Every structure is written in structure tokens, then in C-alpha cells.
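What follows is a short report on a single structure.
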Amino acid sequence: MNLLEVYEILLKKFGKQNWWPADDSFEVIVGAILTQQASWKNVEKAIKNLKEHKVLKPEDLHRLDVKRLEMLIRPSGFYKVKARRLKSFVDFLFEKYDGRLEKLFSLSMEDLRRELLSIKGIGDETADSIVLYSAEKPSFVVDAYTIRIFSRLGLLKEKEYHKVKEFFEMNLPRDVELYKEYHALIVELGKNICKTKPRCFLCPLNKWCNYANSVNDFAER
DNA sequence: ACCCAGGTGGCCC
DNA sequence: GGGCCACATGGG
């Protein structure tokens, strides 16, 4: 059982996910910040509000009053911190890159990642989501599901973000489309099946999963 | 009435 | 480095 085999199984089970759903690369970034510890349904409402008020562009957000921004993104939860985080990003973009994403994205992948991480409110996962789905450079995105699922499969011992990321990048071809699809499939599996309440009988990976095999009523089948 | 969601930063030890 | 907490809305 290796990473590509797991990928094929998930792809067969769930189909192509075609992430990230957004009209442009800036919308991906806004979504990446808003979806922190929030359901995508709620993020969609927030993004819809931003679109309806025609403020879903770097210049618009840059001049938008923060209180007004808070109200618009409210459905996505943590709306005060997220409003500040969005502001931090656009402030940074205008101060250092003339407000232009192309300029920021012309950095090397490593420099881009470092730059994003320097912004308050952008951590490892959000940075990688932006690098992969917005800038479209091959940086593997790790989330809580990734660690949970692959630890249970016995493929991961380390749980630190950068070690997990390194494991995936060392064991997969460096390919943007593969990275995009793989992370999306992991989230799909995590959302639907791999919760703390076991529904392991539904999981396409149950044969290989230590957790599924440790759950009494499943192991007997 | 819980529990969870496509995390992050701050603070403590 | 790890453990705990605040941040908050909406759906199951």
C-alpha cells in the first residue's frame, strides 16, 4: 500500500473533485482564509456576500472598512479575526507587491511560501493551499484529516506538519494536478467517513486501516 | 444538548 | 517541541 495506490482507490471511489471552486486566483485566497476551521457551505455564503457587494478584489478589500468586512463574512465564523486576516493579506500585497498577485506569484515556490507565512493569520495549511490552488505551484497541502488517515494506515509516524508534507512530496511525483486532486480527495474521505464516530465499513481503505480493524464490530465481519 | 467544520496565534511549561 | 485556549457561525 503506497501513496499512489491510495490515491487511485480514493479517485475511483469519489471521482475527480476539481478543486478549488473559485472564479479567480484571488477568490481562492479569500476562500483559503475563510475556510479555516469552518464548513465550506458557510464560506460560500460569505463569498457570495462579498461578490454581491462587489468587493471581491484586492483593491476593494484594501479600501473596505473592516467593520463592514466583518459583517459580510460573518457566516464563515471567527469573522473578526478573519476580517483582520484578509486585511493583513491585502495590506501585505499592496505594501510589497503593488497589489498584484502576478508579482507575488513570480517568486520561487519556496520564497512565496515564506512570504505567505510571514503574514499574520496565514499558517502552514493556508499558505500551502494558496501556493497550490491559487499560484498553482506543487506544494502538498496537509490538514488534520491527512494526518489522521495516514497515521491509521500505518504510513505515517510523525505528525508534525512539515514532516507529513515532506513525506508526501518525497513519495509522489511533483505534479500540481496530482497534489490538488489528492488533497481534495483526502478532505472528501475525511468529511464523509473518517470521523471520530466510526463508519469504517463505508471506507474504501478499511482493509488497511488500523483504526477500522480495532473497532470491535467491524473486525468481526 | 452536544459535536464538528478544508486552522492560527498566543501563552505556558 | 507539546498542550491548552480563544476565536464564532451553521449543520447534523
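Basis for what follows: all heavy atoms, side chains included, without hydrogens, waters or symmetry-related copies. None of these values were measured; they are calculated from a predicted model. Every chain is numbered from 1, with letters handed out A, B, ... down the list of sequences.
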**OP:** May I ask you to say what I119(A) touches in the nucleic acid, namely base, sugar-phosphate or nothing, with a heavy-atom cut-off under 4.0 Å?
**Re:** sugar-phosphate
Original post:
Does Q37(A) place a side-chain N or O at less than 4.0 Å from the phosphate oxygens OP1/OP2 of dG7(B)?
Top reply: yes
**OP:** For nucleotides dA1(B) and dA8(C), find the distance between their P atoms and express it as a whole number of Å.
**Re:** 22 Å
Original post:
Should the heavy atoms of other residues, nucleotides or ligands under 6.0 Å from CZ of R68(A) be counted, would the total exceed 12?
Top reply: no
Subject >> Salt bridge present between K163(A) and E166(A) (N-O < 4.0 angstrom) >> reply: no
Original post:
Considering only dT8(B), dA8(C), dA5(B), which nucleotide approaches the side chain of R85(A) most closely?
Top reply: dT8(B)
Original post:
Would you say K57(A) has more than 12 foreign heavy atoms packed within less than 6.0 Å of its NZ?
Top reply: no
**OP:** Could you check whether I122(A) gets within reach of a base, just the sugar-phosphate, or nothing at all, counting any heavy atom under 4.0 Å?
**Re:** sugar-phosphate
**OP:** Starting from P on dA6(C), measure out to CZ on F78(A) and report it in whole angstrom.
**Re:** 11 Å
Original post:
Is K13(A) atom NZ crowded by more than 12 heavy atoms from other residues, nucleotides or ligands, each under 6.0 Å away?
Top reply: yes
Report, one pair per line, the protein and nucleotides 10-12 of chain C atoms (nitrogen or oxygen only) whose separation is under 3.5 Å.
from    : atom 1 : to     : atom 2 : distance (Å)
dG10(C) : O4'    : N42(A) : OD1    : 3.2
dG10(C) : O4'    : N42(A) : ND2    : 2.9
dG10(C) : O3'    : K45(A) : NZ     : 3.4
dG11(C) : OP1    : K45(A) : NZ     : 2.9

Subject >> Centroid-centroid under 6.0 Å between F167(A) and F150(A) rings >> reply: no
**OP:** Whole angstrom is fine here: how far is it from CD in E44(A) over to P in dT9(C)?
**Re:** 19 Å
Original post:
Would you say a side-chain N or O of Y145(A) is under 4.0 Å from OP1 or OP2 of dA5(B)?
Top reply: yes
Original post:
Quantified in whole Å, what is the C1' atom distance between nucleotide dG2(C) and nucleotide dA5(B)?
Top reply: 24 Å
Original post:
So does R113(A) pair up with E110(A), basic N to acidic O under 4.0 Å?
Top reply: no
**OP:** Could you pull out the closest heavy-atom pair between L101(A) and S25(A), with the gap in Å?
**Re:** CD1-OG, 3.6 Å
Subject >> Atom NZ of K51(A): over 12 foreign heavy atoms under 6.0 Å >> reply: yes
Original post:
Taking OP1 and OP2 of dT8(B), is either one under 4.0 Å from a side-chain nitrogen or oxygen of T126(A)?
Top reply: yes
**OP:** Quickly work out the K82(A) NZ to dA5(B) P distance and round it to whole Å.
**Re:** 13 Å
Subject >> Separation of atom NZ in K80(A) from atom P in dG9(B), rounded to whole Å >> reply: 20 Å
Subject >> Protein-nucleotide distance (L72(A), atom CG; dT9(C), atom P), rounded to Å >> reply: 15 Å
Original post:
For V187(A), which contact category applies under a 4.0 Å heavy-atom criterion: base, sugar-phosphate, or nothing?
Top reply: base
Original post:
Taking CD1 from I73(A) and P from dT9(C), how many angstroms apart are they, rounded to a whole number?
Top reply: 11 Å
**OP:** Return the value, rounded to whole Å, for the distance between atom CD of E125(A) and atom P of dA5(B).
**Re:** 12 Å
Subject >> Atom pair distance, as rounded to whole Å: CD1 in I47(A) and P in dT9(C) >> reply: 18 Å
**OP:** Return the 5'-most residue of the pair G190(A), K120(A) with respect to DNA chain B, ranking by each residue's nearest nucleotide.
**Re:** G190(A)
